A.B. asks: 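Sharing a structure, written as structure tokens. Questions coming.
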Amino acid sequence: MKSGLSFVCPTSVSPWGTYLSQVDRVTPYLGELARWVETLKHPKRALIVDVPIELDDGTVAHYEGYRVQHNLSRGPGKGGVRFHPDVTLEEVMALSAWMTVKCAAVNLPYGGAKGGIRVDPRKLSHKELERLTRRYTSEIGAIIGPQQDIPAPDVNTNAKIMAWMMDTYSINRGATATGVVTGKPIHLGGSLGRVRATGRGVFVTGREASRRLGLELGDARVAVQGFGNVGSVAAELFAAAGAKIVAVQDHSGTLVNERGFDVAHLQDFSAKYGGIDGFKEGDRIDGEAFWDVRADILIPAALEGQLTADRARRITSKIVLEGANGPTLPQADDVLADRGVWVIPDVICNAGGVTVSYFEWVQDFSSFFWSEDEINQRLDRIILGALDQIWAKADEHKIPLRTATYAVACERILAARQERGLYP
Ligand code: GLU
């Protein structure tokens, strides 16, 4: 898991270190294409930008922003933009690499990219957030575009922010370019079903995994970490299928409810108060105790590196659905495999979002928009088809689903790399 890159020093818990170890694990299954595997360990392009803005009190603040294009062998870069106080270049590199693998796993014609700004958006006013987004978009404007690299929402970014990005890029180019970002508002070329697509994909892969493993959703206990766009929609869909959401954790606190949460109530509360803390229909427990709550399905849908080896030893779930990107450390993967826990890896489990982003991009180009039913049907077909292929690969080689997903995806990426060849 040596990086070969001078500016990162991967440790076993860093996101880039996690990614490199995932690539190392798939290499024995790549056959002749293993010749090209180093390509996956080197991001194609990484841009660091200074984002200065005037705050409402008249002072000037500087934020550090990034856009990394990890691999463009299969098409334009694709991936979200994250606003978070802990964002680093190294994290964005890992997130961009996971986008490369994700797009290939579900066979979308994209490479992988990701962006971010190291900022706590909760501390900015609406106007400050707009200035930050617009200046960042201008700074990365040279490398994004509908045919080059297409940003989208991620942690702490949403349709409103995508509208500002689209508008800024369009003003700078002198023409409206709706296809430069996805996850836009519906009346600006956004797609029906996009907001709920990631949570829907988590549910659809989870329902299929449960079916294959003989777990009745009607009796299932579900624990969800992260109650944002991904976790809250997945929780809602599992509850609608009869499962009990027995534990929820977010940045504000951890709640349990033996009878199962009323997810709609919790969503309303969280939207109003900016978190789940204070919700009366549940008992507050210590954050670390979340991992000990008895559950059949665990959905880490927050940030990277949450499922450590120690936590992996304690969980009681049979299925882990990775709604977040990179929530499981490699050592935890080993523990889970030993314990017979099935992990549906992020690069397929949360691929619903980028799949509907692809639909949005296609709809923008053809200026012809589909119904929500059509979108959901196509989404389910793509995700379930990909999962079927991955499960067959896992059975064939007797390997965990993550390695199998990487095998399917990396074959596609490296075959494209080989066909294109090196230049000059
Ligand atoms: N941020 C989402 C992800 O991690 C969506 C990316 C996109 O739609 O391009 O998959």
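Everything numeric here is computed off the predicted structure, so don't read it as measured data. Both counts, for ligands and for their atoms, begin at 1 and track the order of listing. Because only heavy atoms are used, hydrogens play no part in the values below, and waters and symmetry mates are left out as well, while side chains stay in.
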A.B. asks: Would you check ligand 1 and list the protein residues that come within less than 4.0 Å of it by any heavy atom, ordered by chain and number?
C.D. replies: K78, G79, G80, M99, K102, K114, A152, P153, D154, R194, N325, G353, V354, S357
A.B. asks: List the atom of V347, the atom of W98, and the distance in Å for their closest heavy-atom pair.
C.D. replies: CG1-O, 3.5 Å
A.B. asks: Please identify each residue that fulfils ring pair (Phe, Tyr, Trp, His ring centres under 6.0 Å) with F261, with sequence neighbours left out.
C.D. replies: none
A.B. asks: Can you list, pair by pair, the side-chain donor-acceptor contacts under 3.5 Å of residues 387-394, counting residues two or more places apart and other chains?
C.D. replies:
residue	atom	partner	partner atom	Å
D388	OD1	R212	NH2	2.6
Q389	OE1	R412	NH2	3.1
K393	NZ	E411	OE2	3.1

A.B. asks: Using 30° and 60° as the class boundaries, would you call the ring planes of Y136 and F83 parallel, tilted or perpendicular?
C.D. replies: perpendicular
A.B. asks: Can you give each donor-acceptor pair under 3.5 Å made by side-chain atoms of residues 180-189, sequence neighbours left out, with the distance rounded to 0.1 Å?
C.D. replies:
residue	atom	partner	partner atom	Å
T182	OG1	K78	NZ	2.9
T182	OG1	S357	OG	2.8
K184	NZ	T178	O	2.9
K184	NZ	V181	O	2.7
K184	NZ	E360	OE2	2.7
K184	NZ	D364	OD2	2.7

A.B. asks: Just by distance, with hydrogens left out, do W16 and E90 show a side-chain donor and acceptor under 3.5 Å apart?
C.D. replies: no
